[in-house]
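So the structure is just underneath, and the comments pick up after that.
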Amino acid sequence: MEIKVVRKVLDVNNTMAQQNRNLFAGKKVFVLNVMSSPGSGKTATLVKTIRRLLPEIKCAVIVGDICSTLDADRLSVTGVPVVQVNTDEFGGDCHLAAHVIGNAAGSIDLDSTDLLIVENVGNLVCPAEFDIGEDARVVVLSVTEGEDKPIKYPLMFRVCDAALLNKIDLLPHLEYDRNAVVKNIMQIHPGMSLFEISAKTEEGFDPWIMWLKEKVKKKLS
Amino acid sequence: MHEMGIAMQIVEIAAASIPKGMENIKVEKVNLKVGKLSAVVPESLRFCFDIVAKDTPLSGAQLMIEEVPVVATCNECSSEWTITGPVFTCIKCGSGSIRIVSGRELDIVSIEIADP
């Protein structure tokens, strides 16, 4: 005997994500989900980004890692509230799920936050699958990872609104085909916003900061 | 990579779908739809499901996975096609303005229980 069920397996996560979205909408907080593979420069990029947004845009960060508070320590030099989530108590989860964000947001003063940045667990696969109630998704890809990653991890590049191509200060030392990576990104996600940056030298930051500010202000207005 | 968590959700949803009064029933099959664009590996999911299902009404049930192809339609010329490679532009007119119709599914369709 067959019993119809017809339910999304991720229903629980999606419901929690919607609750988060309602909470953030009520508090007028823009939520940015930042994803990438480990070592692409998410934390360094965010430290520089936050410094440029302050004091105009009040930021807070939720940072996810399987282990350690190393990233929270690095981010805390900006002076903004940082909540570190370690997923290993949930079995070393490979992503931040919506309920984790909901809990972590509880320890942030959302009334005095304009932009909540979620630095997801370093992983180009799983975080793409989990809605956390964010307003925008950004993927950071460093030039040392090769030109082929958008093609190997299409879902990540499909679900993100913008890509940050990081570590361009290293280009003179690499055999890197910049046109190839742009072509690969655009065939996965035509028209995707793309910013070529160096978190080290801050080259290319102006258009990225402008893009982000515009989105945040739109939600605040 | 998160197949264990997915498997736990499947067991929870499937177990909750067993009609009242049939709690001791044995579930034989769980029918799933998994989109090709979802970050789930069917083999890993089966492996995790077998472990998680132990000591539940789902114990020993077969996970039947129907893989759903990635189908897109073009917003410009209305073509519909199946995406088989990493190219998400219209195969007819080359437009990048497309809509993914299927391929992101991760749905439980039904469970099958032994006839009483």
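Sequence lines set the chain letters: A, B, ... in the order given, protein chains first and strands last, and positions in each chain run from 1.
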Per-residue tally against chain A (heavy atom, under 4.5 Å) across Leu32(B), Leu37(B), Val27(B) peaks at Leu37(B)
With Asp135(A), the side-chain hydrogen bond (donor to acceptor under 3.5 Å, both in side chains) member among Arg21(A), Lys215(A), Lys219(A)
Lys219(A)
Determine yes or no for a side-chain-to-main-chain donor-acceptor pair under 3.5 angstrom, with Asn123(A) supplying the side chain and Val125(A) the backbone.
yes
What orientation do His2(B) and Phe130(A) show, parallel under 30°, tilted 30 to 60°, or perpendicular over 60°?
perpendicular
If we define contacts as heavy-atom pairs under 4.5 Å, which of Gly103(B), Pro86(B), Gly5(B) has the most with chain A?
Pro86(B)
Which atoms of Phe157(A) approach chain B - backbone, side chain, both or neither, heavy atom under 4.5 Å
neither
Counting heavy-atom pairs closer than 4.5 Å to chain A, which one of Glu105(B), Glu28(B), Arg104(B) comes out on top?
Arg104(B)
Chain A heavy atoms under 4.5 Å from Ile100(B): which part of the residue, side chain, backbone, both or neither?
side chain
Heavy-atom distances under 4.5 Å only: say whether Asn184(A) touches chain B with side chain, backbone, both or neither.
neither
Any chance you could lay out the salt bridge (charged side-chain N to carboxylate O under 4.0 Å, His left out) test for Lys4(A) and Glu2(A), step after step, and finish with the verdict?
CA-CA 6 Å; Lys4(A) 291 275 173 219; Glu2(A) 188 174 359; 3.8 Å; yes
Pair count under 4.5 Å, heavy atoms only, with chain B: among Ile3(A), Asn13(A), Val6(A), highest is Ile3(A)
For residues Leu116(A) and Phe24(A), determine if any side-chain heavy atom of one lies less than 4.5 Å from a side-chain heavy atom of the other.
yes
Side-chain H-bond candidate by donor/acceptor type, Gln18(A) with Asn14(A), under 3.5 Å
no
Among Ile111(B), Asn31(B), Ile18(B), the residue with the most heavy-atom pairs under 4.5 Å to chain A is Ile111(B)
Say whether Asn120(A) and Asn33(A), considering side chains only, have a donor N or O and an acceptor N or O under 3.5 Å apart.
yes
Of all of Gln187(A), Met186(A), Met156(A), Lys8(A), which one pairs up most often with chain B through heavy atoms under 4.5 Å apart?
Gln187(A)
